[in-house]
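What you see is a predicted model, and the numbers here were worked out from it, not measured in a lab. In what follows, chains are A, B, ... by sequence order, proteins preceding strands, each numbered from 1.
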Amino acid sequence: MTFLDQLNQQQRQAVTAGNGPVLVLAGPGSGKTRVLTQRIAYLIAYQGVRPYQILAVTFTNKAAREMEDRVASLLGEDAAHGHGMMLGTFHSICARILRREADHLPIKPNYVIFDQDDQVRLIKGIIKELNINEKLYRPNSIHAAVSNAKNELIDPDNFPTTNYRDEIVKRVYDLYQKRLLTSNAVDFDDLLLWTARLLEENPEVREAYSQRFSHVLVDEFQDTNIAQYMLVKHLCSTHGNIFCVGDPDQSVYGWRGADWRNVQRFENDFPASKTILLEQNYRSKQSILDTAMAVIDRAHNRRRKKLFTDRGQGEKVIYFEARDDYSEASFVVDTIAQLVAGNRFDPGECAVMYRTNAQSRLLEEAFLQARLPYRLVGAQRFYGRREVKDLIAYIRLIYNPNDEASLGRVINIPARGIGSKTILSLYQTARNADTSPGSVLLDLVRGAESPFWGQFTARAVGPLSTFGTVLARWHTAAQTLTTTELFDCIVSDIDYKAYIDDNTEEGASRWENVEELRRLTQEYSGRPLEEFLENVALIADQDTLTDANAPTLLTLHAAKGLEFGAVFIVGLDDGILPHSRSFDKPEEMEEERRLFYVGITRAKDRLYLVRAMQRGGRGWGEDTYPSRFLTDIPEMLLDGQSRGGAHPFGGDSLTDTRWKPSSASPKSAPVIEARYRAGTRISHPTWGDGIVLNSKLQEEDEIVEVAFESVGIKRLATSLANLTILS
DNA sequence: TTCATGCGGATTTTT
DNA sequence: TCCGCATGAA
């Protein structure tokens with residue numbers, strides 16, 4: 001068993017555990033991914049389990065792919081690849097099961113998946129339709145209530161009502177589910193809900209899946225909700241071979257229905273389960289673990305865990321208090337530039353983490369200003385763009401013309417004379433006939449023969465039937481065209497370029513997104529449309545992580561499961577972390593604390609805790625207070641102080657000694673030699689060719705001034721700019 | 001029906 | 001700060 005040699009005793013115990021339920025409680029950096037992959041490899045190589053009998057649930061699609069690759073490299077390529085190991089997120093696995101088992105359910109196999117936007121859009125429409133006061137009952141909050149119910153497997157009929165608000169939610173929920181069905185659509189929660197119900201109500205289906213998957217493995221178990229828990233339980237109902245890995249201290253999705261008590265539920269439901277603790281940390285220096293423990297030990301209701309490592313004490317954690325949010329951002333960028341210039345880290349080993357997405361903006365600006373590349377994690381960034389959503393909605397509508405949300409989105413984009421009045425009457429007509437607006441539209445192609453024709457005003461019926469005709473043509477074309485061909489067809493038919501590219505910079509960037517989306521469709525050539533749509537719908541934030549060697553910007557939530565050499569956690573102000581919306585809810589405050597803990601434990605070698613004394617606008621920002629979590633960290637663990645000299649905890653304050661990164665660096669600066677001279681011809685990835693005007697050595701880096709043919713004179717740090725010498 | 005304009009309001013985290 | 005909505009004119 002060669003690959004088992006490198007495991008510690010607990011890891012090996014987990015990997016080689018026999019059949020039956022196993023719960024692995026794994027601290028951060030304790031090698032849990034390794035345990036999962038080796039467990040799979042072990043089952044295949046030594047227990048005679050066939051790959052297709054294994055179901056492994058990961059937190060992102062990216063993690064699933066990586067796991068597949070790692071298993072393959074442990075066993076040799078063909079042993080794992082292409083033999084039907086079922087690997088993916090809960091949502092993607094459910095989507096596949098539902099596609100196959102649709103005839104047991106009130107949906108058809110060509111269902112579409114509604115994203116958050118579609119869901120809220122639908123709810124909003126229903127609120128309007130039911131004449132409910134939109135100000136009092138916000139679509140977003142009603143949606144949250146509905147979603148919570150679904151995550152607990154509560155259907156509209158069983159929705160508990162203790163007050164008037166609940167009554168409203170119940171009515172909306174009921175209609176919402178009906179609308180989803182006429183649209184032949186499911187939302188994110190339905191993927192889990194329908195699958196759980198499918199297995200619950202059809203013993204023969206349950207047994208078939210349970211027998212096919214003789215081994216079920218679940219990662220990030222602390223973040224499962226009730227629906228997911230039940231799903232897992234059903235899937236191993238015949239054999240009980242369930243292997244869960246998780247860490248209650250890293251549970252940060254409670255607001256999404258995740259219930260860390262699933263760990264307790266597991267122990268109750270599977271009394272024979274083995275529990276294995278992975279405690280040794282292989283990721284971080286001890287100074288970082290000490291900081292992490294200081295923060296998490298204040299949490300209530302938890303078993304104290306000792307985090308230890310043999311990676312050495314490491315340097316102290318740096319605390320920096322910036323004047324305002326602008327200097328917070330430039331501190332981060334400057335420090336990263338110095339870390340990179342000093343050869344302490346690759347750009348790609350650095351990450352900046354924040355509580356809310358909005359915080360990324362100033363950081364991005366600071367990176368842009370410094371002309372340093374960065375990578376931003378977040379599906380929203382690309383898939384949330386209007387132009388991208390529009391085109392995906394077109395494709396979705398063609399794939400499934402009953403999709404009401406997509407139709408509503410694109411029916412008048414670009415404007416084709418179908419305004420709100422016309423749309424209203426189209427929807428009304430469809431509802432009266434107990435069908436979908438899309439099929440009314442398609443029926444209008446028959447002209448006056450359609451029973452719907454007479455129901456519209458002469459003014460409205462023209463544009464409607466025209467659009468119906470186009471839609472019908474696309475629908476037919478889609479049977480033979482590739483996704484890319486269909487994409488091109490849509491874009492040119494609606495002249496989308498003219499619609500979005502208004503010759504402004506903004507317009508140009510929108511068109512770039514369209515081209516990027518087109519490139520994406522090419523990856524799906526030869527694969528059915530539904531795969532494209534499904535993957536696009538279920539994309540996770542982390543799936544957007546590229547392997548570019550540049551610092552990563554991401555939310556603390558998105559950081560879960562990742563690790564970086566140097567981590568900056570910014571915005572450590574009360575109200576941001578912990579977020580002000582959690583202040584009066586103890587449970588949520590605990591979750592904020594765990595979120596901070598997750599961020600801290602992402603760091604391998606260096607950790608920077610950063611905050612701004614003012615926030616909100618240049619010079620006019622409001623004063624902030626340090627995060628209350630900072631006071632839990634003993635002073636002796638921290639290095640650095642604020643610009644004003646005040647230590648956040650009122651400790652000994654040194655007067656205006658700004659933190660100097662070089663003073664904290666134990667490595668002496670490497671001596672470097674100039675590589676560029678005036679006259680050297682170079683090439684830059686974005687600006688093309690240019691000639692070096694002059695060069696000087698500065699702070700362990702070579703700074704060159706270059707005249708580019710395209711953009712004129714620029715100053716660049718050669719350690720970052722990725723220049724190629726041509727002559 | 002569309003487009004421009006101005007106002008008010010809200011504003012976490014994500015599959 | 002940005003977004004969505006209502007309002008009013010063409």
- Query: For A:Arg361 and C:dC2, is the shortest distance between a side-chain N/O and OP1 or OP2 below 4.0 Å?
  - Reply: yes

- Query: If you look at every heavy atom in A:Leu562 and A:Phe564, which pair is closest and at what distance?
  - Reply: CB-CE1, 3.9 Å

- Message: I need the NZ-P distance between A:Lys135 and B:dC7, as an integer number of Å.
- Response: 17 Å

- Query: Between atom CD1 in A:Ile576 and atom P in B:dT11, what is the gap in whole Å?
  - Reply: 17 Å

- Message: Cation-pi check for A:Tyr253 against A:Arg256: NZ or CZ below 6.0 Å from the six-membered ring centre and within 45 degrees of the axis, yes or no?
- Response: yes

Restricting to nitrogen or oxygen on both sides, can you table the protein-nucleotides 12-15 of chain B pairs closer than 3.5 Å?
unit_1 : atom_1 : unit_2   : atom_2 : d
B:dT12 : O4'    : A:His579 : NE2    : 3.4
B:dT12 : O2     : A:Arg355 : NH1    : 2.8
B:dT12 : O2     : A:Arg355 : NH2    : 2.3
B:dT13 : OP1    : A:Asn357 : N      : 2.6
B:dT13 : OP1    : A:Asn357 : ND2    : 3.0
B:dT13 : O4'    : A:Arg355 : NH2    : 3.1
B:dT13 : O2     : A:Trp255 : NE1    : 3.1
B:dT13 : O2     : A:Arg355 : NH2    : 2.6
B:dT14 : OP1    : A:Asp541 : OD2    : 3.0
B:dT14 : OP1    : A:Thr555 : OG1    : 3.0
B:dT14 : OP2    : A:Asn357 : ND2    : 3.2
B:dT15 : OP1    : A:Asp541 : N      : 2.8
B:dT15 : OP2    : A:Asp541 : N      : 3.4
B:dT15 : O3'    : A:His91  : ND1    : 3.3
B:dT15 : O2     : A:His91  : NE2    : 3.3
B:dT15 : O4     : A:Gln116 : OE1    : 2.8

- Message: Measure CG/A:Asn140 against P/C:dG4 and give the value in whole Å, please.
- Response: 11 Å

- If you measure from the P atom in B:dT13 to the same atom in C:dG4, how many Å do you get, rounded? 15 Å

- Query: In whole Å, what is the span from the CG atom of A:Leu136 to the P atom of B:dA10?
  - Reply: 12 Å

- Note on the structure: Shortest non-hydrogen pair, A:Val295 vs A:Arg593, comes out as O-NH1, 2.9 Å

- Task: Check every strand shown and say whether A:Leu192 touches a base, only sugar-phosphate, or nothing at a heavy-atom separation below 4.0 Å.
- Result: nothing

- Query: Nearest heavy-atom pair of A:Lys560 and A:Gln542: which atoms, and what distance?
  - Reply: O-NE2, 2.6 Å

- Sugar-phosphate only, base, or nothing, as touched by A:Ser420 at under 4.0 Å among non-hydrogen atoms: nothing

- Task: Write down the distance between CD1 (A:Ile411) and P (B:dT2), rounded to a whole number of angstrom.
- Result: 11 Å

- Non-hydrogen atoms of A:Leu231 and A:Leu192 that approach each other most closely: CD1-O, 4.2 Å

- Task: Quickly work out the A:Glu134 CD to B:dG8 P distance and round it to whole Å.
- Result: 19 Å

- Message: Counting only side-chain heavy atoms from C-beta out, which of B:dA10, C:dC5, B:dT2 sits nearest to A:Lys124?
- Response: C:dC5

- Roughly how far apart are A:Trp260 CH2 and A:Glu590 CD, rounded to 0.5 Å? 9.5 Å

- Between A:Arg416 and B:dT2, does any side-chain N or O lie under 4.0 Å from OP1 or OP2? no

- CA sep, side-chain torsions, deciding dist, call: A:Asn513, A:Glu387, side-chain hydrogen bond (donor to acceptor under 3.5 Å, both in side chains): CA-CA 7 Å; A:Asn513 286 328; A:Glu387 56 277 17; 2.8 Å; yes

- Mind checking A:Arg138 for me? I need base, sugar-phosphate or nothing, with any heavy atom below 4.0 Å counting as a touch. sugar-phosphate

